[in-house]
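Everything below concerns the one structure shown next.
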Number of protein chains: 2
Amino acid sequence: MGMVSSQLSISLDGYVAGPEQSQQDPLGRGGLRLHEWVFGLDTWRAQHGLSGGDRGVDADVVEEMTRDIGAYVMGRRMFGGGDGAWDESWQGWWGDDPPFRTPVFVLSHHPRAPLVMGGTEFRFVTDGIESALRQAREAAGDRRVSIAGGASTVRQYLAAGFVDTLQLHLVPIILGAGERLFDGIEPRLEQVSVVAGPTVTHLTYRVLR
Amino acid sequence: MGMVSSQLSISLDGYVAGPEQSQQDPLGRGGLRLHEWVFGLDTWRAQHGLSGGDRGVDADVVEEMTRDIGAYVMGRRMFGGGDGAWDESWQGWWGDDPPFRTPVFVLSHHPRAPLVMGGTEFRFVTDGIESALRQAREAAGDRRVSIAGGASTVRQYLAAGFVDTLQLHLVPIILGAGERLFDGIEPRLEQVSVVAGPTVTHLTYRVLR
């Protein structure tokens, strides 16, 4: 059975999103700064249907962390479209060909029919994180399942002991406020590998049971 | 003129001490876990008059970060002895031969005569952080000045723009509560070097002006 992993960009003071997150500003004030390291990379651009971009250590990390994923799980907020019953005109943030290209299991309290967009199929799961993970594992087979986010979804899976590997991209900024990855959870972590990019550091931890 | 540096062990959630710090428990609950990586190292043990210990990457980092220091500045809490006027029977936590072996400038609101202990001379400074740094620079000459701690002292020097290099030893533990290094300050940092030890990661940042 494949491993379950999660990867997040995190500030030096432990935030994975800025304050005042909203439908208009899903990463919160200043939160986009956590992800600036990734937007210029050739591997990230290729996954998003764009050409060109930078090669190097960061691009290699992005390629390696996405290469062997057979399914994703994400929270309702990461898929977007607001709270409550679905407005089915909302089809995510990623355009006609989302970068996942595997089944993506979206946690929700509200049922919705599967949605195929390019090579990605979004399936909406209403019976909890354990069911979503079981379905993702079945879809992924021997490949990995990635808990894609947002932070509260990753926190729930960490708290439940379902995550094998946590990768943090440590960005040397101070957000000062916002959403903290480790708010209320204290997973036991063991350092597995460290890769220094030019501006950020990629830390991989095994989550101990 | 020598550089001003500071180095601290920090948890993944941004704490440099645990909660409920006191004279009896100066690192707070769980705070000692931030420093466990250092106690077994041969370089640390030698600085504290002990023989034996582990060699390796962490020991090299400790040796390099302490090698070229010509003076230290520390806060009253780090020197210890409680608040208010000095009880002169208190001579610090470090025994007869403290590991600094340079002048150490201790910030205090209460005057006290210099205290020589082995190769270390503690000098007590009552006219503020800028004066302490100026005196430390004079004592250090071309060598570095280290802002030794505690966290609130490092924060004050960072906020005032007096620190050139910040080294963080990132320990993969979650403290959940306690004293946060970046509480109320947002220094602009640029990653200079990353060294992976077996259990912790040593991150060096330039503090931008």
Side-chain angles (χ1 to χ4, degrees), chain A residues 6 8-16 18-19 29-30 33 36-37 57-58 61 151 154-155 158-159 163 165-208, chain B residues 6 8-16 18-19 29-30 33 36-37 57-58 61 151 154-155 158-159 163 165-208:
Chain A
S6 191
L8 290 158
S9 290
I10 188 168
S11 70
L12 255 187
D13 54 346
Y15 292 96
V16 290
R29 187 156 41 84
R33 295 168 63 207
E36 282 171 355
W37 67 273
V57 172
D58 288 341
V61 167
V154 175
R155 252 197 317 270
L158 280 169
V163 178
T165 301
L166 179 65
Q167 185 174 42
L168 298 177
H169 312 292
L170 184 67
V171 184
I173 61 172
I174 316 300
L175 284 180
E179 185 164 12
R180 305 189 66 199
L181 176 59
F182 297 110
D183 202 5
I185 62 169
E186 298 189 9
R188 290 192 306 126
L189 304 174
E190 184 179 80
Q191 182 173 291
V192 175
S193 74
V194 177
V195 175
T199 63
V200 307
T201 298
H202 310 282
L203 303 152
T204 302
Y205 297 104
R206 185 177 299 116
V207 185
L208 303 178
Chain B
S6 190
L8 291 158
S9 289
I10 188 167
S11 70
L12 255 188
D13 54 345
Y15 292 97
V16 290
R29 187 156 40 82
R33 297 168 61 208
E36 281 171 356
W37 67 272
V57 171
D58 288 341
V61 167
V154 175
R155 252 197 315 272
L158 279 170
V163 179
T165 301
L166 178 65
Q167 186 174 42
L168 298 177
H169 312 293
L170 184 67
V171 184
I173 62 172
I174 316 299
L175 285 178
E179 185 165 12
R180 306 190 67 200
L181 175 58
F182 297 111
D183 202 3
I185 61 168
E186 298 189 9
R188 289 191 308 126
L189 304 173
E190 183 179 81
Q191 183 173 291
V192 174
S193 73
V194 178
V195 175
T199 63
V200 307
T201 298
H202 310 282
L203 302 152
T204 303
Y205 297 104
R206 184 178 299 117
V207 185
L208 304 179

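Naming convention: chains lettered A, B, ... in sequence-line order (proteins, then strands); numbering from 1 in each chain. Just so it is clear, the structure is predicted and the values come from calculations on it, not from any experiment.
Only the backbone of B:Pro198 comes within contact range of chain A, judged by heavy atoms closer than 4.5 Å. For chain A, the nearby part of B:Leu203 is the side chain; its heavy atoms alone come within less than 4.5 Å. For chain A, the nearby part of B:Leu168 is the side chain; its heavy atoms alone come within less than 4.5 Å. With a 4.5 Å cut-off on non-hydrogen atoms, B:Tyr205 touches chain A through its side chain but not through its backbone. The part of B:Thr199 that comes within reach of chain A is its backbone (N, CA, C, O), which places non-hydrogen atoms under 4.5 angstrom from that chain. Neither the backbone nor the side chain of B:Ile173 comes within contact range of chain A; no heavy atom of the residue lies under 4.5 Å from a heavy atom of that chain.
Ranked by heavy-atom pairs shorter than 4.5 Å toward chain B, the options A:Gly14, A:Pro172, A:Ser11 are led by A:Pro172.
A donor-acceptor contact closer than 3.5 angstrom is absent between the side chains of B:Asp58 and B:His169.
Scanning all heavy atoms of the two residues, the minimum distance from A:Val171 to A:Arg33 falls at CG1-O, 4.0 Å.
Counting heavy atoms from C-beta outward, B:Leu189 and A:Leu12 have side chains that approach closer than 4.5 Å.
Between the B:Asp13 side chain and the B:Gly176 main chain, a donor and an acceptor come within less than 3.5 Å of each other. Of the possible polar contacts, one joining the A:Gln191 side chain to the B:Gly197 backbone as a donor-acceptor pair under 3.5 Å is found. Between the side chain of B:Arg180 and the backbone N or O of B:Val16 there is no donor-acceptor pair closer than 3.5 Å.
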